[in-house]
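Below is one structure; the comments refer to it alone.
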Amino acid sequence: MLAPIEQLTIDELVQKQRRFFKTQATKSMAFRLSMLTFLKESIKHHEADLLEALREDLNKSEMDAYTTEIGFIYDEISRTTRELKRWMRPKRVRGTAIHLGMKSEVQYEPYGTVLIIAPWNYPFQLAVAPLIGAIAAGNTAVVKPSELTPNVARVLTQVLERAFTDRYVASVEGDKDTAQELLNQKWDYIFFTGSTQVGRIVNKAAAEHLTPVTLELGGKSPVIVHGDANVSIAAKRIAWGKWMNAGQTCVAPDYVLVHESQQEALLEAIKQEAFAMFGNGVGTKRYTRIVNESHFDRLSHYLTEGELAFGGETNRDELKIAPTVMTNLHEDADVMKDEIFGPILPVIPYRQLDEVIEFISDRPHPLALYLFTESKDVEQTVMKHLSFGGGCVNDVIMHLTNPNLPFGGVGESGMGAYHGRTSFETFSHAKSILKNTTKFDLPVRYPNFKPAEQLIRLIQR
């Protein structure tokens, strides 16, 4: 057995992984597939512990914990295992007229030793999903789970210790000082999921070593409900996407811009759907709680900034806030400046689509945008004029469930992307290779080329 992680400093751990990477062991397809299998088996072994940890830290129900965390990871591992051989294959690319006799291809090679920093809102899924990409690409990895979900962090460490030796994959638990010590190291790649504020710190630390990064951040993801939208469908899907995980989802609807002709109907429909799915939240046993007192107090402050269409009940002892919709808000209210990341949904009416375009474009690019409309013209106008990470038409959140769609932000909502093949490519360096023939040599590129004389010689051959 290798020395346990506790006996190593962070610097020693990183150097240990670098030495192992240099052995080339991680690069074969057989090794990568075996490691993915070990990971899945270890998760299955600890599945009950993970479900309990997610309940203890966030009060996630067994169904929510499985579908949004563990089951998601099982699917990602299975898909990656099926597709890895094809992903690893060098990609042939075409040349031009001057590349006669030459072959060009892109080869995918691992970066080396990578750092993955995970958040607290989906503490298992958002730690392991990028790790799957790192393993598939042939890297070694250190995972830093969130200290705000300590039970999940503990079980995640157990999962990784059962599956791997620390020279290959390791979990390092700790607070922000531990995270800073990790960021002080030289990495070959850093993958961070979290707030924009911390993302800037990560990006600055990476820049010290010119380390490439993926930043999965957040922002205020708007929903547009146009005048021709199917209100009943829109309300059901918005309610599901907003109050799943008590709104603590990076792509949850942050606020709704609704055509004034639909506002009254939408508010009533959302109220009914929210209660049908989540009850009043505070008194519902299976409703997810807010992660800690600090976030609870921040969210409670927002409740004072507008009128409550419904909801607003809170229980600080249980860290629960009811599904809440707010109206009549000022643009300078904190709830309209900050990413809410909780179960509060502002609803704002509009008259013309131009107002919506201006309102959203005046703000930082969101991670997601959702549009409910039956009009192709409206859809095209929104897609043409607004920049955002990704989104849906007549739905919310579902775009990130398609592994064939890259998931990531733009501008202040992030850089880079992952999921499916994109995860493999994110953790791989695309190396361009050109192979030339020695059977002939075109003289035209050489400085002593004499066109007529050389051309005659070529013809005579």
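Gln248 and Thr288 share no donor-acceptor pair across their side chains, judged by distance under 3.5 Å alone. Thr211 and His209 form no side-chain donor-acceptor contact under 3.5 Å, judged by distance and modelled atom types alone.
Residues forming a salt bridge (charged side-chain N to carboxylate O under 4.0 Å, His left out) with Arg79 (at least two apart in sequence, or on another chain): Glu76. Qualifying ring pair (Phe, Tyr, Trp, His ring centres under 6.0 Å) partners for Tyr111, counting only residues two or more places apart in sequence or in other chains: Tyr189.
Judged by distance alone, with hydrogens and angles left aside, the side-chain atoms of Arg32 form a donor-acceptor pair with the main-chain N or O of Lys27 at under 3.5 Å. Not a single donor-acceptor pair under 3.5 Å links the side chain of Ser423 to the backbone N or O of Gly133. The closest donor-acceptor contact from the side chain of Arg162 to the backbone of Ile43 lies at 3.5 Å or more, if one exists at all. Side-chain atoms of Asn230 come within 3.5 Å of backbone atoms of Ile233 as a donor-acceptor pair (strictly under, hydrogens ignored). Gln17 contributes a side-chain N or O that, together with a main-chain N or O of Ala141, makes up a donor-acceptor pair within less than 3.5 Å. Checking side-chain atoms of His46 against main-chain N and O of Ser42 turns up no donor-acceptor pair under 3.5 Å. In this structure, the side chain of Thr193 does not engage the main chain of Ala118 through any donor-acceptor pair within 3.5 Å. Of the possible polar contacts, one joining the Thr23 side chain to the Phe20 backbone as a donor-acceptor pair under 3.5 Å is found. Remark: side-chain polar atoms of Asn203 are not paired, donor with acceptor, to backbone N or O of Val213 under 3.5 angstrom. Side-chain atoms of Asn394 do not come within 3.5 Å of backbone N or O of Glu374 as any donor-acceptor pair.
Ring geometry for Tyr418 versus Phe407: interplanar angle of 30 to 60°, hence tilted.
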Inset, instruction - Apply ring pair (Phe, Tyr, Trp, His ring centres under 6.0 Å) to the pair Phe372 and His226, showing each step before the final yes or no. - result: CA-CA 6 Å; Phe372 287 86; His226 199 54; over 10 Å; no

Legend entry - Candidate pair Glu105 and Gln107, rule side chain to side chain donor-acceptor pair (under 3.5 Å), full reasoning: CA-CA 6 Å; Glu105 66 182 27; Gln107 298 178 0; 2.8 Å; yes

Legend entry - Verdict with reasoning, Lys40 to Ser78, per side chain to side chain donor-acceptor pair (under 3.5 Å): CA-CA 9 Å; Lys40 191 171 187 177; Ser78 296; 2.7 Å; yes

Inset, instruction - Using the side chain to side chain donor-acceptor pair (under 3.5 Å) rule, take Thr96 and His99 through it: C-alpha gap first, then chi angles, then the decisive distance, then the call. - result: CA-CA 5 Å; Thr96 66; His99 300 110; 3.0 Å; yes

Inset, instruction - Check step by step if side chain to side chain donor-acceptor pair (under 3.5 Å) holds for Asp228 and Thr373. - result: CA-CA 6 Å; Asp228 64 342; Thr373 183; 2.9 Å; yes

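To the nearest 0.5 Å, the span separating CG on Leu131 from CD1 on Ile77 amounts to 8.5 Å. Atom OH of residue Tyr108 and atom CZ of residue Arg421 lie 5.0 Å apart, to the nearest 0.5 angstrom. Rounded to the nearest 0.5 Å, atoms CZ (Arg363) and NZ (Lys337) are 10.5 Å apart. Rounded to the nearest 0.5 angstrom, Ile238 CD1 and Ile270 CD1 are separated by 4.5 Å. One distance of note links CD of Glu69 with NZ of Lys60; it measures 3.5 Å at 0.5 Å rounding. Note that CE of Met415 and OG1 of Thr214 are 9.0 Å apart. Values are rounded to the nearest 0.5 Å.
When the shell of 6.0 Å around NZ of Lys236 is examined, it contains 12 or fewer heavy atoms from other residues, nucleotides or ligands. Counted within 6.0 Å of CE on Met398, heavy atoms from surrounding residues, nucleotides or ligands total 12 or fewer; the atom is thus considered open. Residue-environment remark: CD (Glu147) exceeds the threshold of 12 foreign heavy atoms within 6.0 Å. Taking a 6.0 Å sphere around CD of Glu109, one finds it holds more than 12 heavy atoms contributed by other residues, nucleotides or ligands. Within 6.0 Å of CZ in Arg351 there are 12 or fewer heavy atoms belonging to other residues, nucleotides or ligands.
Ionic pairing of Glu412 and Arg200 is present here: one or more N-O contacts between side-chain nitrogen and carboxylate oxygen are shorter than 4.0 angstrom. With respect to the salt-bridge test (charged N to carboxylate O, under 4.0 angstrom), the residues Glu47 and Lys44 do not qualify. With salt bridges taken as basic N to acidic carboxylate O contacts below 4.0 Å, one links Asp188 and Arg18.
The side-chain contact (heavy atoms from CB on, under 4.5 Å) test with Asp57 is passed by exactly one of Asn292, Val152, Val155, Val291: Val152.
No side-chain heavy atom of Phe341 sits less than 4.5 Å from a side-chain heavy atom of His295. Looking at heavy atoms from C-beta onward, His259 lies out of side-chain contact with Val225 at the 4.5 angstrom threshold. The side-chain heavy atoms of Ile201 and Gln180, taken from C-beta on, include a pair separated by under 4.5 Å.
The ring pair (Phe, Tyr, Trp, His ring centres under 6.0 Å) analysis of residues 160-185, with sequence neighbours excluded, yields the pairs Phe31-Tyr168, Phe164-Tyr168.
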